[in-house]
Amino acid sequence: MSFVRAASRRMPLAKRLVSAVESPVQRRYVSATSKAQTAVITPDPAADSVSVAFVNERAPYLVPTYVRPNPIMVKGKGCYLWDMESRRYLDLTAGIAVNSLGHCDTEIAKIISEQAETLVHASNLYHNAWIGALSKDLITLTRESGGMRDAAQVFIANSGTEANEAAIKFARKTGRARDPSGAKHEVVSFHNSFHGRTMGALSATPNPKYQTPFSPMLPGFKYGTYNDVAQLQELVTEKTCGVIVEPIQGEGGVNVATPEFLTALRKRCDEVGAVLIFDEIQCGLSRTGTFWAHSHPSLAPSSGEAAHPDILTTAKALGNGVPIGATIVSGKTVAENIKPGDHGTTFGGNPLACRVAHHIIHRLADPALQKSVQAKSDILVAGFEALKKKYPTLVSEIRGRGLILGLQLSKEFAPKAAEIITAARERGMLIITAGDGCLRFVPPLTITEEQLDTALKILEQAFEVVVKA
């Protein structure tokens, strides 16, 4: 218990961990300014450490749905996180594509503080000043960006899963409006997709790892192969009320939809009267360098118009860590079918989350920031290409757009993805996986070129460790 008491006493010190950017603790870690310097190898906290004692004392009270390494994160600033034992990590996960403006952004912190002293929650029984402002500007920015041309109305929820649940319900309601018999109820999704963990969203996530323990899934869901145009005639039928797809699959391995696939989906949905849903929870809000991924130039067909959705879902970056999600609906195909009482939420649309999101969307829509995303993407991709050339048996493919990028490991090294992640973390950098043996890079959009150079150096060191093992 002495370790636990010591750990508990150290928790308040988190506020002082970032007080001096050039502290001795921070200088232990990698510097991109000197080729002579390399990352210090600092193993995860040992079994007899303060961190492990702290975790073990509390673990019995947590439902064990996550397997985590031992570091306990207590402070963040910009692109860095610090753990309880004062180790600094360059964070290329951004809270899984959430903290696009970095950790503990000063402007966001100020807004949270001001709104917390004004009004946090009053329920959806009443109007509040910020849910309307957020919704109006989200529609305006979406239209101005060239995305979702018929965007008209927004439902605000608390997470990406809830945004997708709303999308599925809205698609079903639209199907019912078009065919009152209820026959038009099927929802189509695609293998390697990830849409959430609640039963509706999970039913649209055809991964046995996630579905089997909770089967049977909800009826009426069908699954197809991503980027396969030929299947659509049989897959999407008159019984289909909605098709949900990620323009860039995140959890499934950073797989990018082809323009032909998206336009074929749009065409087929129009033919059978189905609602097309784009899940941009991870790839949207300027992560590709455009406000929405589906409006990225690379997803435009060689001829004709790019595909636009009837429903667009977003979350993650929308709150930069404050829980919020949004479902944007078309004024031509969906909005008229959703009536009072059709859906609801207790916390969704509260003034604190909406005020924060209202601030964030304007910053993420900044053309200068979007341009910088592409420039930073070019740096990472060039670095990945160099690593692929140096380790041809380790890296098989580079995928993604902007700052949602994946390094697919070869069949030989795919089982060692976790070892690469551990080696990187022990050298001061956080990365995550996606799909089968794919290393995923979703850093804050505010990451600097110097930090990207540092990241590539650490990644090379991690590769070297695994190759020599």
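- If you look at Tyr226 and Phe261, their ring centroids are closer than 6.0 Å.
- Judged by the 6.0 Å and 45° rule, Arg58 forms a cation-pi pair with Phe54.
- One N or O on the side chain of Ser193 and one on the backbone of Phe190 form a donor-acceptor pair closer than 3.5 Å.
- Residue Leu276 holds its CG atom at 10.0 Å from CD1 of Ile244, rounded to the nearest 0.5 Å.
- Asp83 places no side-chain N or O within 3.5 Å of a backbone atom of Pro71 that could act as its donor or acceptor partner.
- Checking side-chain atoms of Gln408 against main-chain N and O of Gly437 turns up a donor-acceptor pair under 3.5 Å.
- Between the side chain of Arg143 and the backbone N or O of Asp150 there is no donor-acceptor pair closer than 3.5 Å.
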Worksheet entry | Criterion side-chain hydrogen bond (donor to acceptor under 3.5 Å, both in side chains) on Asp279 and His195, from CA distance to verdict | CA-CA 7 Å; Asp279 175 346; His195 299 294; 2.8 Å; yes
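- Test Leu430, Val442, Ile447 against Leu92 for side-chain contact (heavy atoms from CB on, under 4.5 Å) and you get one pass: Ile447.
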Worksheet item: Between Asn192 and Asn255, does a side-chain hydrogen bond (donor to acceptor under 3.5 Å, both in side chains) hold up when you go through it step by step?
Response: CA-CA 9 Å; Asn192 296 319; Asn255 304 304; 5.6 Å; no
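- Remark: Cys79 SG to Glu450 CD distance equals 11.5 Å, nearest 0.5 Å.
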Worksheet item: Given Thr448 and Gln451, is the side-chain hydrogen bond (donor to acceptor under 3.5 Å, both in side chains) satisfied, shown in steps?
Response: CA-CA 5 Å; Thr448 67; Gln451 288 166 339; 3.3 Å; yes
Item to complete: Just do the side-chain contact (heavy atoms from CB on, under 4.5 Å) check on Glu460 and Tyr391 with the steps written out, would you?
Response: CA-CA 9 Å; Glu460 182 174 359; Tyr391 301 97; 3.8 Å; yes
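- Side chain of Thr313 to backbone of Asn164: no donor-acceptor contact under 3.5 angstrom is found.
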Worksheet entry | Steps toward side-chain contact (heavy atoms from CB on, under 4.5 Å) verdict (Val55, Ile72) | CA-CA 8 Å; Val55 168; Ile72 302 171; 3.6 Å; yes
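- Partners of Arg355 by salt bridge (charged side-chain N to carboxylate O under 4.0 Å, His left out), not counting sequence neighbours, listed by chain and number: Glu114.
- The distance from atom CG of Asn70 to atom CZ of Arg425, rounded to the nearest 0.5 Å, is 8.5 Å.
- Glu385 has no carboxylate O lying under 4.0 Å from a charged side-chain N of Lys389, or vice versa, which leaves the two without a salt bridge.
- Within the 3.5 Å criterion, the main-chain N or O of Lys136 finds a donor-acceptor partner in the side chain of Thr140.
- In summary, the side chains of Trp292 and Thr142 do present a donor paired with an acceptor at a separation below 3.5 Å, with no hydrogens or angles considered.
- Judged purely by atom type and a 3.5 angstrom limit, Asn350 uses its side chain to pair as donor or acceptor with the backbone of Phe347.
- Side chain of Arg266 to main chain of His308: a donor-acceptor pair is present (N/O by atom type, distance under 3.5 Å, no hydrogens or angles).
- Summarising the geometry, atom OG belonging to Ser51 is positioned 3.5 Å from atom CD belonging to Glu85; distances are rounded to the nearest 0.5 Å.
- Taking the centre of each ring, Phe463 and Phe413 stay at or above the 6.0 Å mark.
- With hydrogens and angles left out, the side-chain atoms of Glu165 and Thr198 include a donor and acceptor closer than 3.5 Å.
- Aromatic ring centroids of Phe194 and Tyr210 lie under 6.0 Å apart.
- Remark: side-chain polar atoms of Arg287 are paired, donor with acceptor, to backbone N or O of Leu403 under 3.5 angstrom.
- Tested against Thr290 for a side-chain contact (heavy atoms from CB on, under 4.5 Å), the candidates Gln374, Gln370, His296, Arg401 yield a single pass: His296.
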Item to complete: Take Asn207 and Thr205, measure what side-chain hydrogen bond (donor to acceptor under 3.5 Å, both in side chains) needs, and give me the verdict at the end.
Response: CA-CA 6 Å; Asn207 185 326; Thr205 302; over 6 Å; no
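- Side-chain atoms of Asn99 come within 3.5 Å of backbone N or O of Asn320 as a donor-acceptor pair.
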Worksheet item: Can you list the steps and then say if Thr433 with Cys438 is a side-chain contact (heavy atoms from CB on, under 4.5 Å)?
Response: CA-CA 5 Å; Thr433 58; Cys438 178; over 6 Å; no
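- Tyr80 has its ring centre no less than 6.0 Å from the ring centre of His103.
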